[in-house]
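Each chain gets a letter, A, B and so on, in the order its sequence line appears, and its residues count up from 1.
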Amino acid sequence: MTDTATRDRIDAEVKANEVVLFMKGTPVFPQCGFSAATVQILSYFGVKFSSVNVLEDADIRQGIKEYSDWPTIPQLYVKGEFVGGCDIVREMAESGELPQLFREKGVAFTEAA
Amino acid sequence: MAMDPGEIEALIRDALPDAEVTITDLAGDGDHYAAHVISSAFTGKSRVQQHQLVYKALRGRMGEELHALALQTSAPA
């Protein structure tokens, strides 16, 4: 089970940032295809986001899976809410639900996308 | 560390008896699959909840033996 310190760190990260992506690697050097694809989708919409490299922190890497009850990385959070992994973010981008979510949550993005 | 498609399908069907399951092997290494799952259990559920149902059916293998599963879920039309 995740220790409370890790859980609090995750919670703080999720609450402190409008959009945060827990990923493998960094946006500039993603180290997993699914993480890279999710970064591309966010960049396509011109959304500013912060990222957490789970490869640098084993506690976070395990803790985030329990935090959201989601077994894989990457994990996208918007305004403190878990949105999904790569598949869901991609589906939402294709269906228009992702820009809709940004609009609803007041997250700046490139409308022309 | 790998799974064969039949095992994935059996686990999903065990948890979602009415599920229609289509598994595609993406890389031939037993680690990267795509799955399309149609089940009435998904009706009225968000995508995250639908995918969580499938992950629960896989009883902890997701992210362990099974490295990647590109998942598509839908309720019956």
Side-chain angles (χ1 to χ4, degrees), chain A residues 1-2 14 19-25 30-38 40-41 54-55 58-102 104-105, chain B residues 1-3 5 7-9 11-12 14-16 19-39 41-77:
Chain A
M1 267 312 288
T2 319
V14 165
V19 181
V20 56
L21 181 67
F22 289 79
M23 63 178 291
K24 289 178 182 172
Q31 288 172 270
C32 146
F34 295 106
S35 290
T38 311
Q40 269 168 4
I41 292 169
V54 301
L55 298 180
D59 290 339
I60 296 263
R61 181 175 185 173
Q62 189 46 41
I64 192 68
K65 294 176 183 174
E66 283 157 26
Y67 182 82
S68 56
D69 186 23
W70 190 263
T72 56
I73 303 292
Q75 295 188 18
L76 180 66
Y77 292 76
V78 174
K79 292 278 176 112
E81 258 176 62
F82 176 56
V83 175
C86 180
D87 294 339
I88 286 180
V89 171
R90 186 185 291 142
E91 257 179 76
M92 290 176 71
E94 281 156 13
S95 69
E97 284 168 87
L98 196 58
Q100 178 59 25
L101 176 73
F102 292 145
E104 274 162 22
K105 302 283 183 184
Chain B
M1 288 260 289
M3 285 182 76
E7 199 182 346
I8 298 172
E9 195 169 330
L11 282 168
I12 294 173
D14 197 39
L16 306 168
E20 231 183 276
V21 185
T22 323
I23 310 267
T24 321
D25 189 338
L26 295 177
D29 58 5
D31 241 355
H32 296 74
Y33 289 100
H36 187 189
V37 185
I38 300 169
S39 165
F42 298 145
T43 313
K45 290 211 168 46
S46 72
R47 274 199 190 83
V48 169
Q49 289 163 333
Q50 293 178 25
H51 288 211
Q52 281 171 326
L53 277 177
V54 177
Y55 290 145
K56 277 195 180 60
L58 295 175
R59 298 189 203 142
R61 288 173 176 76
M62 189 61 236
E64 300 302 335
E65 289 97 300
L66 188 50
H67 176 67
L69 180 67
L71 200 47
Q72 227 190 326
T73 54
S74 47

Contact summary for V83(A) and V48(B), nearest pair of heavy atoms: O-CG2, 3.1 Å
Which pair of non-hydrogen atoms, one from L71(B) and one from E91(A), has the smallest distance, and what is that distance?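 Taking L71(B) first and E91(A) second, the nearest heavy atoms are O-OE2, 3.8 Å.
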Geometric class of the W70(A)/Y55(B) ring pair [parallel <30°, tilted 30-60°, perpendicular >60°]: perpendicular
Q50(B) portion near chain A, given a 4.5 angstrom heavy-atom threshold: neither
Quick one: what part of L69(B) sits under 4.5 Å from any heavy atom of chain A, side chain, backbone, both or neither? backbone
Enclosure of E20(B) CD (heavy-atom neighbours >12, cutoff 6.0 Å):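 No - once you tally the heavy atoms of other residues, nucleotides and ligands closer than 6.0 Å, there are 12 at most.
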Criterion salt bridge (charged side-chain N to carboxylate O under 4.0 Å, His left out) on R47(B) and D87(A), from CA distance to verdict: CA-CA 10 Å; R47(B) 274 199 190 83; D87(A) 294 339; over 6 Å; no
